[in-house]
Asks: 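After the structure tokens below, expect a handful of questions from me.
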Amino acid sequence: LVFYIRNAALTAHLSVSQGMFSKKGKAKRKLLLKAKNAYIVIDAAVEILVELNLVTERQTVDVLSLVSTCYSQTESLLKEN
């Protein structure tokens, strides 16, 4: 699961960065959608960690809050595009 979280975090970061510098509408939208999907993977992986009792829900509050914020901001960027 750590691999999935790390991979998704890198994908999200790179996709948003590339998407913001991309001038083409379709390319930009595709990259931002890729970032949104990465946030979903992070959220799902963290939830699995909780279900497996590897972490407590209390320990995941900050991460899930940040993922939710990033997801919302990426959604706003997609609407602007």
Side-chain angles (χ1 to χ4, degrees):
L1 286 173
V2 171
F3 169 77
Y4 289 113
I5 294 170
R6 285 183 182 161
N7 187 39
L10 285 172
T11 298
H13 180 76
L14 292 173
S15 295
V16 169
S17 296
Q18 289 175 338
M20 294 313 300
F21 289 106
S22 180
K23 294 183 182 180
K24 295 183 180 178
K26 288 183 182 181
K28 186 174 190 173
R29 182 168 179 76
K30 184 178 179 181
L31 288 165
L32 292 175
L33 285 172
K34 191 174 182 181
K36 267 182 56 176
N37 291 336
Y39 298 134
I40 293 169
V41 170
I42 294 170
D43 184 67
V46 170
E47 292 296 326
I48 291 170
L49 290 173
V50 172
E51 288 179 23
L52 294 175
N53 293 320
L54 296 172
V55 295
T56 64
E57 283 190 41
R58 185 172 176 261
Q59 291 173 310
T60 65
V61 170
D62 291 337
V63 171
L64 292 178
S65 174
L66 290 170
V67 168
S68 177
T69 300
C70 290
Y71 184 91
S72 298
Q73 290 177 348
T74 304
E75 184 71 25
S76 296
L77 290 171
L78 277 166
K79 288 179 182 175
E80 291 175 8
N81 189 18

Asks: Measure from the side-chain N and O atoms of Ser22 to the backbone N and O of Gln18, and report whether any donor-acceptor pair falls under 3.5 Å.
Replies: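 Not confirmed, Ser22 side chain does not pair with Gln18 backbone.
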Asks: Do Tyr39 and Leu33 belong together in a cluster built from hydrophobic side chains that touch within less than 4.5 Å?
Replies: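 Yes; tracing contacts between hydrophobic side chains, which count when under 4.5 Å, links both residues.
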Asks: To check you understand the geometry: which heavy-atom pair defines the closest contact between Gly19 and Lys28, and what is its length?
Replies: O-CG, 3.0 Å
Asks: Should Val16 and Val67 be regarded as members of a common hydrophobic cluster, given that ILVMFWY residues are connected when their side-chain heavy atoms come within less than 4.5 Å of each other, either directly or indirectly?
Replies: yes
Asks: Suppose we screen for side-chain hydrogen bond (donor to acceptor under 3.5 Å, both in side chains). Which residues come up paired with Glu75, at least two apart in sequence or across chains?
Replies: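 By the side-chain hydrogen bond (donor to acceptor under 3.5 Å, both in side chains) rule, Glu75 matches Lys36.
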Asks: When you measure from the side chain of Thr60 to the backbone N and O of Glu57, does any donor-acceptor pair fall under 3.5 Å?
Replies: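 It does hold such a pair.
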Asks: Return the minimal non-hydrogen interatomic distance between Val46 and Ile5, and the atom names on each side.
Replies: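 Closest approach of Val46 to Ile5: CG2-CD1, 4.4 Å.
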Asks: How far apart are the closest heavy atoms of Ile42 and Ala8, and which atoms are they?
Replies: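 Scanning both residues completely, I find the closest heavy atoms to be CG1-CB, 3.5 Å.
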Asks: With rounding to the nearest 0.5 angstrom, report the CG to CZ distance, Leu10 to Arg6.
Replies: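 Output value for this atom pair is 9.5 Å.
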Asks: Quick check for you: to the nearest 0.5 Å, what is the distance between Asn53 atom CG and Glu51 atom CD?
Replies: 9.5 Å
Asks: Can you list the steps and then say if Lys34 with Leu14 is a side chain to side chain contact (heavy atoms under 4.5 Å, CB included)?
Replies: CA-CA 10 Å; Lys34 191 174 182 181; Leu14 292 173; over 6 Å; no
Asks: What pair of heavy atoms forms the shortest contact from Leu32 to Thr74, and how long is it?
Replies: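 That closest heavy-atom pairing would be O-CG2, 3.5 Å.
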Asks: Using only atom types and a distance under 3.5 Å, with no angle test, would you say the side chain of Ser68 pairs donor to acceptor with the backbone of Leu64?
Replies: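 Side chain of Ser68 to backbone of Leu64, a donor-acceptor pair under 3.5 Å: no, none is there.
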Asks: With distance as the sole test, does Thr11 use its side chain to make a donor-acceptor pair with the main-chain N or O of Asn7 at under 3.5 Å?
Replies: yes
Asks: With heavy-atom distances below 4.5 Å as the criterion, would you say the side chains of Asn37 and Ile40 are in contact?
Replies: yes
Asks: Indicate if Leu66 and Leu49 have the same hydrophobic cluster label, given that clusters are the connected sets of ILVMFWY residues with side-chain heavy-atom separations under 4.5 angstrom.
Replies: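 Different hydrophobic clusters.
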Asks: Could you check if a side-chain atom of Val50 sits within less than 4.5 angstrom of a side-chain atom of Thr56, using non-hydrogen atoms only?
Replies: no
Asks: Any link between Leu52 and Val55 through a network of hydrophobic side chains (Ile, Leu, Val, Met, Phe, Trp, Tyr) touching at under 4.5 Å?
Replies: yes
